[in-house]
Amino acid sequence: MIPMLLETIRFSDGTPELLSLHEQRIATSLQEYAIMTPEWSLHDVLASNPCPSELIGTVKCRILYDAEVQEVQYIRYQKRQVGSLQCVKAGEIDYHLKWENREALNTLRMSRGSADEILIISSHGWITDTSFTNVALLQNDRWYTPRLPLLRGVQREHLLRQGIITPRDIPAESLKEYQRMALFNAMISWEERIELLPTQIIL
């Protein structure tokens, strides 16, 4: 049985973004469950379930699916405010596919204390992601992103292909060697990224 999967697509004034990368992730996710040729396509799903015309600006399209599409929902997007991060060790947490079930991530997030969000540290001591974004760190005018994130987000893939970010292993103890951290995901473009200073990250 396939667990419920989730795809979150950004619409800007009615236009979907990074569709080809979302299509690739859906295909890759389903292939893990031996579905090599789905009977539906993302293009057809969005054509049959268009973004409501009254929703302008930035809108989140939330698609729940397993072998079939189970739900398509459009929500006006409100960007989360993040002013501090608490580093949290994740152990062997697995979120390499975008499952609807985020119980493990939500449990980790409860360890954030007074911080706004968590920065998840792998069992190797490397930085991975926050509970809802990929991350990149600035060093000598270059942005680096963890080589092994919890989830290979579509925005991360887009930025890698554009040469804007470079993958590398980033030990948590090396945070002081970077000037800034950026948070981004499918809903938060690189231009709209959330930036924090190392002093806003609690080890």
Side-chain angles (χ1 to χ4, degrees), residues 3 5-10 17-18 20-32 60 62 79-80 82 84-112 115-139 142-175 177-196 198 200-203:
L5 293 155
L6 171 66
E7 201 65 23
T8 302
I9 302 169
R10 172 178 165 135
E17 299 183 357
L18 304 179
S20 63
L21 293 176
H22 285 290
E23 288 173 336
Q24 289 173 27
R25 181 162 67 181
I26 289 170
T28 300
S29 298
L30 290 175
Q31 284 168 13
E32 285 211 18
K60 177 192 288 188
R62 203 168 173 275
K79 186 177 177 182
R80 192 182 300 184
V82 179
S84 57
L85 296 173
Q86 172 67 58
C87 290
V88 175
K89 292 185 178 179
E92 298 301 324
I93 189 171
D94 179 14
Y95 194 69
H96 74 282
L97 297 183
K98 195 172 173 65
W99 291 294
E100 180 196 17
N101 185 344
R102 291 172 47 89
E103 184 176 348
L105 290 174
N106 292 338
T107 299
L108 275 181
R109 193 169 184 271
M110 291 173 64
S111 303
R112 69 187 183 279
D116 296 323
E117 179 53 46
I118 58 172
L119 180 60
I120 301 169
I121 310 302
S122 74
S123 58
H124 299 94
W126 297 335
I127 288 167
T128 61
D129 297 329
T130 74
S131 73
F132 75 110
T133 68
N134 289 131
V135 305
L137 291 104
L138 180 65
Q139 185 182 70
R142 292 190 65 182
W143 286 97
Y144 297 94
T145 194
R147 183 177 62 87
L148 297 174
L150 288 182
L151 179 70
R152 298 179 186 274
V154 294
Q155 187 71 243
R156 177 182 181 274
E157 181 62 25
H158 172 69
L159 295 172
L160 287 170
R161 295 185 184 190
Q162 295 293 313
I164 294 171
I165 58 176
T166 301
R168 67 157 48 161
D169 294 330
I170 306 174
E173 61 266 22
S174 71
L175 273 171
E177 300 171 14
Y178 295 86
Q179 288 78 55
R180 286 185 176 273
M181 175 176 283
L183 314 185
F184 55 90
N185 59 24
M187 294 303 303
I188 305 172
S189 68
W190 184 247
E191 293 73 23
E192 298 171 355
R193 64 189 179 269
I194 300 167
E195 288 197 11
L196 297 99
Q200 294 172 283
I201 304 169
I202 305 164
L203 288 172

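- A pairwise comparison of heavy atoms in R10 and A186 identifies CB-O, 3.3 Å as the closest pair.
- Residues satisfying the side chain to side chain donor-acceptor pair (under 3.5 Å) criterion with E92, sequence neighbours excluded, are S123.
- Residues E117 and R112 are not paired through a salt bridge, judged by the lack of any N-O separation under 4.0 Å between the basic side chain and the carboxylate.
- Applying the salt bridge (Lys or Arg N to Asp or Glu O under 4.0 Å) test to residues at least two apart or on different chains, the pairs with a partner in residues 179-188 are R180-E195.
- With hydrogens and angles ignored, the 3.5 Å screen pairs a side-chain donor or acceptor of D94 with a backbone N or O of H96.
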side-chain contact (heavy atoms from CB on, under 4.5 Å) between L148 and T128, worked out: CA-CA 7 Å; L148 297 174; T128 61; over 6 Å; no
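- Among pairs with a residue in residues 159-172, those fulfilling side-chain hydrogen bond (donor to acceptor under 3.5 Å, both in side chains) read Q24-R161, Q139-R168, R142-T166, R147-D169, E157-R161, R168-Y178, at least two apart in sequence or across chains.
- Put simply, the side chain of R25 never gets that close to the backbone of E7: no donor and acceptor are under 3.5 Å apart.
- Across all non-hydrogen atoms, the minimal contact from V82 to I194 is O-CG2, 3.8 Å.
- For E103, the CD atom counts as loosely surrounded, since its 6.0 Å shell holds 12 or fewer non-hydrogen atoms of other residues, nucleotides or ligands.
- Scanning all heavy atoms of the two residues, the minimum distance from S84 to A115 falls at OG-CA, 3.3 Å.
- The aromatic rings of W126 and H124 sit parallel, their planes meeting at an angle under 30°, below the 60° perpendicular limit.
- Each of N185, N134, T145 was scored for a side chain to side chain donor-acceptor pair (under 3.5 Å) with D129, with one residue passing: N134.
- Minimum heavy-atom separation, P146 to I127: CB-O, 3.2 Å.
- Heavy-atom minimum distance, L97 versus L151: C-CD1, 3.8 Å.
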